2 protein chains.
Amino acid sequence: MVTKPFTGSPKDEADLTRADSLAREIFSDLANKWALLIIDAIGNDTRRFSELRDEIEGISHKMLTQNLRTLERNGLVDRCVHPTVPPRVEYTLTEPGRALRVTVAGMCDWTHRYLGHIETARRGFGA
Amino acid sequence: MVTKPFTGSPKDEADLTRADSLAREIFSDLANKWALLIIDAIGNDTRRFSELRDEIEGISHKMLTQNLRTLERNGLVDRCVHPTVPPRVEYTLTEPGRALRVTVAGMCDWTHRYLGHIETARRGFGA
DNA sequence: CCGAATCCACAACGATACTG
DNA sequence: CAGTATCGTTGTGGATTCGG
């Protein structure tokens with residue numbers, strides 16, 4: 001549960017609501033079309049910007065940068081700029097990022113496992 | 001991985017790309033601000049519409065209905081209408097829904113565990 | 001109490017062009 | 001190659017209202 005059922009001292013309560021609102025913010029950052037896919041795409045490797053763009057079908061240059069910035073800001077990915085020419089920028093998951101990736105993988109597994117259920121559910125949804 | 005690295009026969013490939021595009025669709029349905037929170041809120045209980053709206057802070061009437069419809073369409077929740085007056089509509093998770101909830105719980109745990117990491121990462125992001 | 005439809009503000013996104 | 005900025009379009013989500 002993200003929302004907590006807690007009733008403690010004023011101080012504890014204030015801390016928890018602050019933490020809770022941050023949690024919601026993180027959740028919002030992750031609950032978008034691309035963030036989880038990017039995390040999955042980086043995996044345990046080191047990925048170049050252009051590799052990610054090629055790998056994640058349908059993502060635009062802009063969205064990739066934007067999401068990578070957000071992930072970097074939250075400390076989920078490390079960004080390494082090689083001062084060469086042409087530039088070479090590499091992204092890797094941090095420890096929190098790798099931890100999150102495990103649960104993302106769980107969601108991917110879930111998707112594949114229940115694809116059939118979902119298809120039949122959809123067909124029956126004309127009732 | 002949602003995107004597959006598979007190279008099989010033409011038929012298999014066609015099936016996989018179709019399955020893959022469906023997977024992406026499911027993913028999109030889930031990767032929004034509310035879907036995962038709703039799944040978490042229903043939990044193992046049976047929840048009324050108004051209970052959910054009260055419980056999920058900040059969600060609007062419209063978004064709740066809309067997301068519940070999508071979840072129902074994908075077979076993640078069951079919708080039970082009691083023909084009383086006033087109406088009483090209850091939602092419960094289906095088996096796939098409960099399975100997904102496990103991984104959602106994983107994400108919630110992750111959020112709480114790494115809240116500290118994220119806060120410090122954000123503070124260091126002025127460099 | 002619950003759901004659907006309308007209206008509208010605003011954020012998200014893609015395309016493009018420009019910089020280092 | 002990678003990033004930023006701008007612009008026009010699309011879509012998302014909230015408030016409201018009406019209907020069962």
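Below, chains carry the letters A, B, ... as their sequence lines are ordered, and counting in each starts from 1. Just so it is clear, the model here is predicted, and its values are computed rather than measured.
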Q. In whole Å, what is the span from the CG atom of L68(B) to the P atom of dG3(C)?
A. 7 Å
Q.
Quick one about E72(B) and Y91(B) (side-chain donor to acceptor, distance below 3.5 Å, no hydrogens or angles considered), yes or no?
A. no
Q: Would you please confirm or rule out a distance under 4.0 Å between OP1 or OP2 of dA2(D) and any side-chain N or O of R53(A)?
A: no
Q) Of the non-hydrogen atoms in R69(B) and F125(A), which two are nearest, and what is the gap between them? A) O-CZ, 4.3 Å
Q: Answer yes or no: does a side-chain N or O of R79(A) lie under 4.0 Å from OP1 or OP2 of dA2(D)?
A: no
Q) Where each residue is assigned the nucleotide of DNA chain C containing its nearest heavy atom, which of P87(A) and G58(A) is assigned the position nearer the 5′ end? A) G58(A)
Q | Short side-chain N/O contact from S50(B) to OP1 or OP2 of dC2(C), under 4.0 Å | A | yes
**Q.** DNA chain C: 5'-proximal contact among M63(A) and R48(B) (nearest heavy atom)
**A.** R48(B)
Q: Nearest whole angstrom, please: distance from the P of dG13(D) to the CG of L37(B).
A: 13 Å
Q: Check the distance between dC13(C)'s P and I59(A)'s CD1 and give it to me in whole angstrom.
A: 9 Å
Q | Whole-Å gap separating C1' (dG11(D)) and NZ (K62(B)) | A | 11 Å
**Q.** Reference residue F49(A); test side chain to side chain contact (heavy atoms under 4.5 Å, CB included); the match among R79(A), R88(A), H61(A)
**A.** H61(A)
Q: Find the distance L64(B):CG to dG14(D):P and express it as a whole number of Å.
A: 11 Å
Q: Quickly, which of T70(A), L64(A), I39(A), I59(A) forms a side chain to side chain contact (heavy atoms under 4.5 Å, CB included) with W34(A)? Name it, please.
A: I59(A)
Q: Counting heavy atoms from C-beta on, name the nucleotide in dC2(C), dC1(C), dT4(D) closest to the side chain of P86(B).
A: dC1(C)
Q) Aromatic rings Y114(B) and W110(B): how do their planes relate, parallel, tilted or perpendicular, breaks at 30° and 60°? A) tilted
(Q) Whole angstroms only, please: what is the CZ-P distance between R88(B) and dG3(C)? (A) 13 Å
Q: Measure from CD on Q66(A) to C1' on dT6(D) and round the result to the nearest Å.
A: 14 Å
Q: Whole angstrom is fine here: how far is it from NZ in K33(A) over to C1' in dT12(D)?
A: 13 Å
Q.
Strictly below 4.0 Å: does Y91(A) bring a side-chain N or O up to OP1 or OP2 of dG3(D)?
A. yes
Q. Is there a donor N/O on one and an acceptor N/O on the other, under 3.5 Å, for the side chain of H61(B) and the base of dG14(D)?
A. no
